[in-house]
Every structure is written in C-alpha cells, then in structure tokens.
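Presented below is the structure to which this report refers.
Residue numbers begin at 1 in each chain, while the letters A, B, ... track the order of the sequences. Since this is a predicted model, take the numbers as computed values, not measurements.
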Number of protein chains: 2
Amino acid sequence: MTDSNPNASLPAPSIPGDALPPVEQHAQQYATVRNAHETELIEDYVELIGDLLAHRGEARAADIANRMAVSQATVSKMIRRLNELELVTSKPYRSLFLTEAGQKMAETSRARHDIVLHFLRALGVRDATARIDAEGMEHHVSDETLAIMQRFTEQQQKS
Amino acid sequence: MTDSNPNASLPAPSIPGDALPPVEQHAQQYATVRNAHETELIEDYVELIGDLLAHRGEARAADIANRMAVSQATVSKMIRRLNELELVTSKPYRSLFLTEAGQKMAETSRARHDIVLHFLRALGVRDATARIDAEGMEHHVSDETLAIMQRFTEQQQKS
DNA sequence: CAATATTGTTAGCCAAGGCTAAACTGTTTG
DNA sequence: CAAACAGTTTAGCCTTGGCTAACAATATTG
C-alpha cells in the first residue's frame with residue numbers, strides 16, 4: 001500500500017461471489033475480446049458484400065462506403081486486404097465477388113447475425129435498437145450462447 | 001451489372017422482411033459499433049482499475065498487465081492516456097487512483113457488465129462462457145436492451 | 001546497506017483502419 | 001465521339017494499441 005488513498009472507501013463488492021476472477025481466466029477473457037476485434041471488421045465487410053450480392057446482384061465499393069459510412073478510399077484499401085486474405089476476388093473498377101471461403105464466412109456471419117437479431121426481438125427489444133445492438137454483439141457471442149439464443153427464440157415463437 | 005457473375009446464384013434472403021436496411025439506418029449501425037470500439041478499451045481499463053481498487057485496495061500497472069495479458073509498456077502508455085482524459089491520477093511508481101469521472105465510469109461499466117453477466121447465466125449459459133461473452137458484449141448493449149435483460153434476470157430468479 | 005529483484009518508464013518499431021487530395025478509368029450523354 | 005460525371009485507386013498522412021529492448025526507480029533481502 002501507498003500513502004493517502006482517496007479511493008480506499010470504495011464500496012466492497014456487492015456479492016462476495018463476484019470477486020476478481022483468477023488471473024489466467026481474466027486474461028483469457030480480454031485476449032478473446034482482442035482477438036474478436038481483429039476479425040470483426042473483416043467479417044462485417046464480407047457479410048455486407050454477401051448481402052449486396054444476394055439482394056442487388058452486385059457489390060460495388062461505393063455502396064459499401066455508403067452503407068458503412070466510410071470513405072471510398074478506406075473501402076478500397078480494405079478490399080485489397082480481403083483480396084490478400086482470399087475472401088474476395090476483384091478486377092479493378094469491377095464489382096466484387098466472394099471466393100468459396102468468403103461465401104462461407106458470409107453465410108456464417110449472416111446466420112449468427114440473424115440469430116442475435118431475432119433473439120433480441122423475441123426478448124422484446126424494439127427493432128431499430130435490436131439492429132444496432134446485434135451489429136455490435138454478433139462477434140462476441142459464443143456458439144454455446146448462440147445455441148441458447150436460438151432455442152429461446154423458437155420457444156418464444158411457439159407461445 | 002457486369003459480365004460473368006459467379007455469385008449470381010446465391011440464395012435469396014430467407015425472409016423477405018430481412019432485406020437490406022435503408023442506407024442511413026445501416027450506416028448508423030456501423031457508426032455506432034465503430035464508436036463503441038473507441039471507448040471500449042478505455043472503459044475496460046477503468047473498470048479493471050476500479051475492481052482492483054475495490055478488491056485489493058490498490059491498482060498497480062503490473063497487475064493490470066497480467067490481468068489484461070498485455071505488456072507493461074502497453075499499460076504504461078495507456079495510463080498516460082487515461083491521465084490525459086482525466087480518468088485516473090497517478091504519481092510515477094505509485095498505485096493508480098480514479099478521479100471522480102473515472103469512478104463514475106467504473107461504476108457504470110461494472111453495473112453494465114454485471115447485468116449482462118447475470119443475464120447470460122439466467123439464460124442458462126455456463127459460467128466460464130458467460131464471463132467471456134459478457135466481456136465482449138457489454139460495450140454493445142444499449143440501455144434499452146440492458147433494462148430488458150435486467151428484468152428478465154429478476155423474473156428468472158423469482159421462479 | 002549493497003546487491004538483486006521487481007516494477008515502471010521511455011524510445012522506437014509495426015499493423016490496422018481511418019482520413020483527404022489527386023490521379024485514373026469507365027459510363028453516360030450532349 | 002468528346003466532355004462531363006461517377007466510381008475507383010493511389011499516395012501520403014494520422015491515431016491507436018500492440019510489441020521489444022534498454023533504462024530508471026523502488027523494494028526486498030543476504
């Protein structure tokens with residue numbers, strides 16, 4: 001301990017069971033989140049490209065830029081990355097397409113996104129809010145939780 | 001449209017109602033997520049510092065580095081930022097303390113985190129998974145959804 | 001109390017993901 | 001079919017959040 005401690009009187013944890021997790025577990029939590037962040041944007045791009053292809057028949061950089069509220073230059077740079085990762089194919093000045101791997105990722109992302117979105121709606125969240133929350137949450141929901149969400153939604157719809 | 005389109009046969013949206021959202025709404029979703037990302041790490045640090053102060057009486061850079069699974073140099077740099085943001089006070093080689101603003105942020109983050117964690121457990125997610133998911137999800141859950149989660153958890157505990 | 005161990009800081013590197021401005025390509029249209 | 005417009009790319013900048021290595025301060029202990 002050090003000298004004067006202005007925070008010494010912070011309230012004790014409300015529930016004893018909510019003590020700090022063991023260091024390794026705690027570290028694991030943060031590492032998982034950091035990891036998710038790296039793939040998140042990639043998945044968002046791929047998912048959006050898949051959606052544009054499905055709904056519009058083509059995916060142009062300008063559309064992506066508009067929908068992501070990001071400059072075209074940023075999209076262009078990102079597409080180069082997606083290319084290197086072999087998730088999309090692109091000829092200069094032409095529409096984008098997804099590779100096998102890209103399509104797979106798009107489908108997975110889309111499915112995950114839908115489960116979360118439908119779950120939130122089933123829970124009673126307003127549509128506009130559910131959409132925003134789903135977009136942020138989808139990359140941080142484990143398969144275990146996802147399965148539970150899906151079951152919950154189905155239950156809800158039966159009654 | 002362009003020439004050959006290898007993705008032209010992608011399945012149509014399973015539910016017609018799930019068409020692409022209008023551009024402005026869509027853009028809003030992504031912007032909200034990008035925005036959350038900027039504050040996320042800050043909140044994680046402040047929350048952790050608050051927890052360490054509450055549970056241990058002090059918050060040292062080394063503890064933070066261990067718990068975050070990050071180098072001490074990274075923590076040191078981050079603390080400088082937190083200082084500039086007037087969320088923590090620190091004298092070199094001494095424990096950290098939270099400013100008023102920092103305490104407020106820590107409390108808010110902690111409360112939010114707890115609601116999500118308890119909700120996931122109430123939903124039936126295993127503890128270890130719930131902890132990991134909560135860490136990632138907490139920054140992307142709106143107040144509206146948070147309130148609904150809290151109500152759900154309370155309902156669950158009554159029965 | 002000196003030597004060692006732990007802890008914290010600084011410097012300097014890197015990649016990612018934004019941006020603007022400028023150049024280039026492709027499409028549309030007078 | 002040339003000019004104008006829309007879309008795309010490139011260059012070059014910035015900030016964040018990582019890292020390692022080297023150095024500095026504090027704490028511990030023989």
Side-chain angles (χ1 to χ4, degrees), chain A residues 1-3 23 27 30-49 52 56-85 87-97 135-136 139, chain B residues 1-3 23 27 30-49 52 56-85 87-97 135-136 139:
Chain A
M1 274 297 302
T2 39
D3 32 11
V23 180
Y30 288 112
T32 301
V33 174
R34 265 200 310 278
N35 213 56
H37 280 165
E38 282 177 26
T39 48
E40 219 167 294
L41 236 206
I42 303 283
E43 285 180 14
D44 281 344
Y45 270 88
V46 170
E47 190 182 332
L48 177 54
I49 292 168
L52 287 169
R56 295 265 197 278
E58 62 175 356
R60 317 293 308 230
D63 295 358
I64 298 172
N66 281 330
R67 296 209 165 251
M68 293 236 177
V70 127
S71 75
Q72 289 191 339
T74 297
V75 172
S76 198
K77 202 195 263 192
M78 201 62 191
I79 290 171
R80 209 179 333 155
R81 275 202 74 208
L82 296 177
N83 243 302
E84 284 159 14
L85 294 172
L87 293 165
V88 310
T89 58
S90 64
K91 286 176 235 170
Y93 300 98
R94 290 269 113 86
S95 169
L96 297 166
F97 297 107
E135 187 62 58
H139 305 285
Chain B
M1 273 298 303
T2 41
D3 32 13
V23 180
Y30 289 111
T32 302
V33 174
R34 266 200 310 278
N35 213 54
H37 280 165
E38 281 177 26
T39 48
E40 218 168 294
L41 235 206
I42 303 283
E43 284 179 16
D44 281 344
Y45 270 88
V46 169
E47 189 182 333
L48 177 55
I49 292 168
L52 287 169
R56 295 264 198 279
E58 62 175 356
R60 316 293 308 228
D63 295 358
I64 298 172
N66 281 331
R67 293 206 166 255
M68 293 235 176
V70 130
S71 76
Q72 289 193 339
T74 297
V75 172
S76 198
K77 202 195 265 192
M78 202 63 192
I79 289 171
R80 210 180 328 154
R81 275 202 73 206
L82 296 177
N83 242 304
E84 282 159 15
L85 295 171
L87 293 166
V88 311
T89 59
S90 64
K91 286 177 234 169
Y93 299 98
R94 289 270 110 86
S95 170
L96 298 167
F97 297 108
E135 187 63 57
H139 305 284

From the set C/dC19, C/dT10, D/dT10, return the single nucleotide nearest to any side-chain atom of A/K77.
C/dC19
Nearest listed nucleotide, side chain of B/A62, among C/dC19, C/dT7, D/dG7:
C/dT7
Separation of atom [atom1] in [X] from atom [atom2] in [N], rounded to whole Å:
| X | N | atom1 | atom2 | value |
| --- | --- | --- | --- | --- |
| A/N35 | D/dG18 | CG | C1' | 13 Å |
| A/K91 | C/dT25 | NZ | P | 17 Å |
| A/M68 | C/dG18 | CE | P | 8 Å |
| B/I79 | C/dT7 | CD1 | P | 14 Å |
| B/I64 | D/dG18 | CD1 | P | 13 Å |
| B/D63 | C/dT6 | CG | C1' | 12 Å |
| A/D44 | C/dA16 | CG | P | 17 Å |
| A/R81 | C/dC14 | CZ | P | 17 Å |

Are OP1 or OP2 of [N] and a side-chain N or O of [X] less than 4.0 angstrom apart?
| X | N | value |
| --- | --- | --- |
| B/R60 | C/dG8 | yes |
| A/S71 | C/dG18 | no |
| A/R34 | D/dG17 | no |
| A/R94 | C/dT27 | yes |
| A/T74 | C/dC19 | yes |

Look at all strands and tell whether [X] reaches a base, only sugar-phosphate, or nothing, counting heavy atoms closer than 4.0 Å.
| X | value |
| --- | --- |
| A/L41 | sugar-phosphate |
| A/V70 | sugar-phosphate |
| A/A73 | base |

Identify which one of B/L85, B/L87, B/L41 satisfies the side chain to side chain contact (heavy atoms under 4.5 Å, CB included) criterion when paired with B/V46.
B/L87
Exactly one of B/D63, B/I64, B/L96 should register a side chain to side chain contact (heavy atoms under 4.5 Å, CB included) with B/V75. Which one does?
B/I64
Closest non-hydrogen contact found for A/A69 with B/R34 is O-NH2, 3.0 Å
Side-chain donor/acceptor of B/S95 to backbone N/O of B/A59, under 3.5 Å
yes
Might you work through the side-chain contact (heavy atoms from CB on, under 4.5 Å) test for B/L82 and B/I49, ending with a clear yes or no?
CA-CA 11 Å; B/L82 296 177; B/I49 292 168; 4.0 Å; yes
